[in-house]
Amino acid sequence: MKEFNNLDLQLNRGILTITINRPDKLNALNLATVEEIRDAIQKVYDDKTIVGVIITGAGEKAFVAGADIKEISDLNEVNGRKFSENGQEVFALIENCHKPIIAAVNGYALGGGCELAMACHIRVATRNAKFGQPEVSLGIIPGYGGTQRLTQLIGKGKALELMMTGDSISADEAQTLGLANYVTDNSEEMLAKSAALLDKITSRAPLAVGMVITCVNAVYFYDENGYQTEANSFASCCKSDDFIEGTTAFIEKRPARFKGE
Ligand code: COA
């Protein structure tokens, strides 16, 4: 496996756990880390043995405390745009991946950390997690897709409030708002819950799971007709071997053995 300096990668029974590993900087996302996330996610696309992903942060204190403020302090109008577009591209790779990706949020998920969690398909948090987009306190706005995804996840009014005040919210509040899917008591439970969700999702037909991701994402692509995307995806599922297997297994009253074909 490729060497990573800021990530720790562990592959276990097809589940790749990607740990952002800069705990002395609360796992802040410097550009090198963003590029390593790109490489790690590209590997998820390419490697057939990987069926699902957990993204988490090293240590007990933070998932990711944002973009690296020291690094971004040098941005100007030109490279600021590139910075934003590059991060958006990497996080879109996560969002559009056909394999399930869960953010296991163990502490601060601020700025780019909240944006990273929101790019994942599901969020499982520890009770001490804190979510927020504090960028306005630094004179900037969320630039890795946060203005869009926070609004999609929790609605315009609350998203505007959080992004205009820069306030962070507790894991329980995040769950109430629909930002966190689950809140657990500690990191062990968070990882166990994430693994259990992935076990369930990866027992389903992989092509169909991937199509669900495509179709739900299509809701937010304004140049795409999501109903058309759904009909196309449904048709693709109908020509798959897994569709024959799933329906046959039901009729024969046995568990389905999906191959992702
Ligand atoms: N970028 C760069 N370094 C960061 C960072 C970030 N986003 N967040 C934390 N760090 C570093 C701190 O500078 C500190 O490093 P040092 O020991 O070399 O000085 C270390 O991580 C620990 O952080 P510290 O602030 O001492 O921890 P704390 O428990 O007192 O506070 C936070 C935790 C998360 C409240 C605080 O670190 C914070 O507000 N971070 C910035 C959050 C933010 O604005 N994110 C959006 C960025 S766009």
Side-chain angles (χ1 to χ4, degrees), residues 4-8 18-38 55-92 94-95 103-120 123-154 158-174 177 179-180 183 186-187 190:
F4 291 91
N5 295 319
N6 302 302
L7 305 181
D8 175 57
I18 302 173
T19 305
I20 318 284
N21 193 16
R22 300 181 74 212
D24 54 325
K25 297 293 173 200
L26 303 188
N27 305 319
L29 296 179
N30 57 3
L31 286 174
T33 306
V34 172
E35 286 318 298
E36 289 191 3
I37 293 173
R38 181 199 294 278
I55 300 182
T56 192
E60 289 293 316
K61 209 168 159 184
F63 172 68
V64 166
D68 192 306
I69 296 172
K70 206 166 168 196
E71 223 179 51
I72 63 172
S73 63
D74 285 339
L75 291 178
N76 58 38
E77 188 179 358
V78 175
N79 59 19
R81 180 188 300 278
K82 283 198 184 128
F83 170 91
S84 174
E85 287 174 348
N86 183 62
Q88 286 182 1
E89 193 179 283
V90 173
F91 286 11
I94 296 174
E95 182 172 54
V105 181
N106 53 324
Y108 291 111
L110 301 177
C114 189
E115 291 174 299
L116 174 61
M118 291 191 294
C120 297
R123 285 147 293 283
V124 179
T126 51
R127 199 161 302 283
N128 72 335
K130 290 239 178 300
F131 293 80
Q133 298 288 165
E135 287 87 346
V136 287
S137 310
L138 300 167
I140 49 174
I141 63 168
Y144 285 178
T147 60
Q148 306 304 295
R149 292 196 182 97
L150 188 61
T151 309
Q152 291 162 9
L153 279 166
I154 71 173
K158 203 66 195 176
L160 278 169
E161 180 190 331
L162 286 185
M163 286 186 278
M164 291 194 301
T165 61
D167 283 349
S168 52
I169 55 171
S170 68
D172 285 331
E173 195 174 352
L177 290 171
L179 182 52
V183 178
N186 52 52
S187 293
M190 169 192 72

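Atoms within each ligand, like the ligands themselves, are counted from 1 in listed order. When a residue number appears, it is its place in the shown sequence, counting from 1.
- Between Glu135 and ligand 1, no pair of N/O atoms sits closer than 3.5 Å.
- Under the 4.0 Å distance rule, the nearest protein heavy atom to atom 43 (C) of ligand 1 falls inside the cut-off.
- Counting heavy atoms under 4.0 Å from ligand 1, residue Asp24 touches it through the backbone alone.
- Panel note: side chain Thr33, backbone Asn6; no donor-acceptor pair is recorded below 3.5 Å.
- Checked against a 3.5 angstrom limit, the closest N/O atoms of Ala67 and ligand 1 fall inside it.
- Note on Glu85 versus Lys82: no salt bridge recorded, every NZ/NE/NH1/NH2 to OD/OE distance being 4.0 Å or above.
- Scanning all protein heavy atoms for the shortest distance to atom 25 (O) of ligand 1 gives Leu26 CD1, 5.0 Å.
- For the pair Val34/Tyr144, a side-chain contact is recorded, criterion being any heavy-atom separation below 4.5 Å from C-beta on.
- The protein non-hydrogen atom at the shortest distance from atom 48 (S) of ligand 1 is Leu138 CD1, 3.7 Å.
- With a 4.5 Å cut-off on side-chain heavy atoms, Lys25 and Lys70 do not count as touching.
- When atom types are taken as modelled, the side chain of Asn30 and the backbone of Asp68 share no donor-acceptor pair closer than 3.5 angstrom.
- Of the protein's non-hydrogen atoms, the one nearest atom 5 (C) of ligand 1 is Ala28 CB, 4.0 Å.
- For atom 16 (P) of ligand 1, a protein heavy-atom neighbour is found at a distance under 4.0 Å.
- Side-chain contact between Gln88 and Gln148: absent, with no pair of heavy atoms (C-beta onward) separated by less than 4.5 Å.
- In terms of heavy atoms, Phe131 sits closest to Ala174 at CD1-CB, 3.6 Å.
- The atoms of ligand 1 that sit less than 4.0 Å from any heavy atom of Asp68 are 1 (N), 2 (C).
- Ligand-side atoms of ligand 1 in range of Leu110: 34 (C), 42 (C), range being under 4.0 angstrom from any heavy atom.
- The Pro134 neighbourhood of ligand 1 comprises atoms 43 (C), 44 (O), 45 (N), 46 (C), with distances under 4.0 Å to a heavy atom of that residue.
- Counting only heavy atoms from C-beta outward, the side chains of Asn86 and Glu35 approach each other to under 4.5 Å.
- Checking Asn128 against Thr126 by side-chain atom types alone, a donor-acceptor pair falls below 3.5 Å.
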Residues Asp172, Arg127; criterion side chain to side chain contact (heavy atoms under 4.5 Å, CB included); working and verdict: CA-CA 7 Å; Asp172 285 331; Arg127 199 161 302 283; 3.0 Å; yes

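- Atom 27 (O) of ligand 1 is flagged as protein-proximal [any protein heavy atom, distance under 4.0 Å].
- Considering Gly107, Gly111, Ala65, Gly113 only, the shortest heavy-atom separation from atom 45 (N) of ligand 1 involves Ala65.
- Counting protein heavy atoms only, atom 1 (N) of ligand 1 is closest to Ile69 N, 2.9 Å.
- In terms of protein heavy-atom proximity, atom 11 (C) of ligand 1 is nearest to Lys25 CA, 3.9 Å.
- Remark: atom 36 (C) of ligand 1 lies closer than 4.0 Å to no protein heavy atom.
- Side-chain atoms of Val136 and Met163, non-hydrogen and from C-beta on, never get closer than 4.5 Å to each other.
- Of the protein's heavy atoms, Lys61 NZ, 2.7 Å lies nearest to atom 29 (O) of ligand 1.
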